[in-house]
Colleague: 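Got a structure for you, questions after.
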Amino acid sequence: MENNDMFSSSTVQLTWQDFLERMRHPSAAEFVKAIKSFIVSSSNNPPDPERDSAAVQQFLSNMEAAFRAHPLWAGCSEEELDSAGEGLEKYVMTKLYSHVFASVAEDVKADEQLFEKMALVQQFIRPENLDIKSTFQNESSWLLAQKELQKINLHKAPREKLACILNCCKVIANLLHNAAVTANENTPGADEFLPVLIYVTLKVSPALLLCLVSAVPCPSRLINSTFLLHRLT
């Protein structure tokens, strides 16, 4: 991955450390109190994915607005303010992870059924079944993409989970681009990219995939981040 990748582990770690440092400042005491209060309040409620997601989104939005008006972030750039929001999101979601992720029996059961179906398909699926041209078939190199996707359940913060997906996509896009150059083919697009992504996902068969989708808060921030998909090749 490129060193300037905004989803790289070093960037995420820097964002996290900066957030923690600011929260240790005496003037951030009210923020700390509000965050702890929200976490305790949410933890005491019975799990409800839709309600919990809406509550987290609203809380993060309110806190980010408060950050912008606070002297701790006076003169900060938009990037620094976004980083503060990302740090807050990671802290909150890490604390509430067991409460909001795979906490409803019906969701877990649906995920188990999906996993069983994907495991079955995994046994016989071949690249040609998804109309992947032989020019772009490279299963040994696709293992790199699979490795990125396999990291998804090692993380608790939505942005870090998204990073795993985007890094997987970036590996696939780069491999397709290199294959096209080697074969003197046209630049591959969505018609070439999507089947490979499906194939890689089936081969990995991430556990609790449906729960992952339902647990991701702040869709606006994560959707905005997908602009990186246009920079993959």
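Given the structure is predicted, the values throughout are model-derived calculations rather than measurements. We're numbering straight along the sequence, starting at 1.
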Colleague: Is there a donor-acceptor contact under 3.5 Å from the side chain of S42 to the main chain of F38?
Modeller: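 Such a contact is found between S42 side chain and F38 backbone.
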Colleague: Tell me if a side-chain donor or acceptor on H70 pairs with a main-chain N or O of A28 at a distance below 3.5 Å.
Modeller: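 Flag not set: sc H70 to bb A28 has no pair under 3.5 Å.
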Colleague: Indicate if L202 and L143 have the same hydrophobic cluster label, given that clusters are the connected sets of ILVMFWY residues with side-chain heavy-atom separations under 4.5 angstrom.
Modeller: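 As far as the 4.5 Å side-chain criterion goes, L143 and L202 are not connected within one cluster.
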Colleague: Test M23 against I35 for side-chain contact (heavy atoms from CB on, under 4.5 Å), laying out the working first.
Modeller: CA-CA 10 Å; M23 287 298 102; I35 294 168; 4.0 Å; yes
Colleague: Give me the atom names and distance for the closest heavy-atom approach of A179 to T135.
Modeller: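 Reported closest heavy-atom pair: CB-O, 3.7 Å.
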Colleague: Would the number of heavy atoms belonging to other residues, nucleotides or ligands and lying under 6.0 Å from CD of E79 be above 12?
Modeller: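 No.
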Colleague: So, E112 and K109, do they make that salt bridge, N to O below 4.0 Å?
Modeller: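 No, E112 and K109 are not salt-bridged.
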Colleague: Of Q146, E139, Q122, Q137, which meets side-chain hydrogen bond (donor to acceptor under 3.5 Å, both in side chains) against Y199?
Modeller: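 Between Y199 and the candidates, side-chain hydrogen bond (donor to acceptor under 3.5 Å, both in side chains) is satisfied uniquely by E139.
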Colleague: Where the side chain of D52 meets the backbone of D48, is there a donor-acceptor pair that is under 3.5 Å apart?
Modeller: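 Checking the backbone N and O of D48 against the side chain of D52, a donor-acceptor pair under 3.5 Å is found.
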Colleague: Where is the tightest heavy-atom contact between V200 and C168, given as atom of each residue plus distance?
Modeller: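 It is CG1-SG, 4.0 Å.
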Colleague: Mind checking whether L194 and V196 sit in one hydrophobic cluster, side chains of I, L, V, M, F, W, Y counted as touching below 4.5 Å?
Modeller: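 Yes: a chain of side-chain contacts under 4.5 Å links L194 to V196.
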Colleague: Please determine whether a side-chain nitrogen of the Lys or Arg among K90 and E160 lies less than 4.0 Å from a carboxylate oxygen of the Asp or Glu.
Modeller: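 Yes, this pair counts.
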Colleague: Are any side-chain N or O atoms of Q113 and backbone N or O atoms of A110, one a donor and one an acceptor, separated by less than 3.5 Å?
Modeller: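 Answer holds: no.
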Colleague: Does this structure show an ion pair linking K133 with E128, if we count only N-O contacts that are shorter than 4.0 Å?
Modeller: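 Looking at K133 and E128, the cut-off is not met.
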Colleague: For M63 and R68, what are the C-alpha separation, side-chain angles and deciding distance, and is it a side-chain contact (heavy atoms from CB on, under 4.5 Å)?
Modeller: CA-CA 9 Å; M63 289 294 290; R68 289 177 176 273; over 6 Å; no
Colleague: Test side-chain hydrogen bond (donor to acceptor under 3.5 Å, both in side chains) on N138 and S140 and set out the steps.
Modeller: CA-CA 6 Å; N138 192 341; S140 59; 3.1 Å; yes
Colleague: How long is the span from the CD atom in E86 to the CG atom in D18, to the nearest 0.5 Å?
Modeller: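 With rounding to 0.5 Å, CD (E86) is 10.5 Å from CG (D18).
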Colleague: Donor-acceptor pair, K161 side chain versus H155 backbone, under 3.5 Å?
Modeller: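 Indeed, once roles are kept as given, a pair shorter than 3.5 Å links the two residues.
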Colleague: Tell me whether V121 shares a hydrophobic cluster with I132, the cluster being built from Ile, Leu, Val, Met, Phe, Trp, Tyr side chains joined at under 4.5 Å.
Modeller: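 Yes, it is one cluster - the side chains of V121 and I132 are joined through contacts under 4.5 Å.
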Colleague: Are V40 and F59 connected in the hydrophobic side-chain network, where two residues link if heavy atoms are under 4.5 Å apart?
Modeller: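 No, no single cluster joins them.
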Colleague: Decide yes or no for D82 and E64: does some side-chain heavy atom of the first lie under 4.5 Å from some side-chain heavy atom of the second?
Modeller: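 In short, these two side chains do not touch, never coming nearer than 4.5 Å.
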Colleague: I'd like to know if the side chain of E148 reaches the main chain of A145, judged simply by a donor and an acceptor atom lying under 3.5 Å from each other, with no hydrogens or angles considered.
Modeller: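 No, the answer is negative, given that no donor and acceptor are paired below the 3.5 Å cut-off.
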Colleague: To the nearest 0.5 Å, what is the distance between CG (L197) and CD1 (I172)?
Modeller: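 Taking CG in L197 and CD1 in I172, the distance rounds to 4.5 Å.
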Colleague: Main chain of R126, side chain of N129: is a donor-acceptor contact present, judged purely on distance under 3.5 Å?
Modeller: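 Confirmed, N129 side chain pairs with R126 backbone.
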Colleague: Can you tell me how far the OH atom of Y91 sits from the CG atom of L60, to the nearest 0.5 Å?
Modeller: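 Answer rounded to 0.5 Å: 13.5 Å.
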Colleague: More than 12 heavy atoms of other residues, nucleotides or ligands under 6.0 Å from NZ of K203: yes or no?
Modeller: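 Atom NZ in K203 is crowded, with more than 12 foreign heavy atoms closer than 6.0 Å.
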Colleague: Can you tell me how far apart NE2 (H99) and CE (M93) are? Round to the nearest 0.5 Å.
Modeller: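 It comes to 10.5 Å.
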Colleague: Could you give the distance from CZ (R22) to OG (S27), rounded to the nearest 0.5 Å?
Modeller: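 Reported to 0.5 Å precision, the distance equals 10.0 Å.
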Colleague: Find out whether D131 and P195 are in side-chain contact, i.e. whether some heavy atom of one side chain is under 4.5 Å from a heavy atom of the other.
Modeller: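 Not in contact.
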Colleague: Could you state the interatomic distance from CZ (F136) to NE2 (H177), rounded to the nearest 0.5 Å?
Modeller: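 One gets 11.0 Å once the value is rounded to the nearest 0.5 Å.
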Colleague: Hydrophobic clusters here meaning ILVMFWY residues chained together by side-chain heavy-atom distances under 4.5 Å, can you tell me if I198 and L144 are in one?
Modeller: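 Yes; L144 is reachable from I198 via cluster members.
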Colleague: Under 4.5 Å between any side-chain heavy atoms of F193 and C169, yes or no?
Modeller: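 In contact.
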Colleague: Work out which heavy atom in F31 is nearest to a heavy atom in A66; give both atom names and the distance.
Modeller: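 Shortest heavy-atom separation between F31 and A66 comes out as CE2-CB, 3.6 Å.
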Colleague: List the steps and the verdict of side-chain contact (heavy atoms from CB on, under 4.5 Å) for M118 and T201.
Modeller: CA-CA 9 Å; M118 293 178 72; T201 303; 4.1 Å; yes
Colleague: Determine the interplanar angle of the W73 and F67 rings, folded into 0 to 90°, and report it as parallel if under 30°, tilted if 30 to 60°, perpendicular if over 60°.
Modeller: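 It falls in the parallel class, under 30°.
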Colleague: Under the 3.5 angstrom rule, does the side chain of T182 hit a backbone N or O of N178 as a donor-acceptor pair?
Modeller: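 Between the backbone of N178 and the side chain of T182 there is a qualifying donor-acceptor contact (under 3.5 Å).
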Colleague: Output yes when a side-chain donor or acceptor of N45 lies under 3.5 Å from a complementary backbone atom of S41, and no otherwise.
Modeller: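 At least one qualifying donor-acceptor pair exists.
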Colleague: For N186, does the CG atom have more than 12 heavy-atom neighbours from other residues, nucleotides or ligands under 6.0 Å away?
Modeller: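 No, not enclosed.
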Colleague: Does any part of the side chain of F115, heavy atoms only, come nearer than 4.5 Å to the side chain of L209, both counted from C-beta?
Modeller: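 Sidechains of F115 and L209: no contact.
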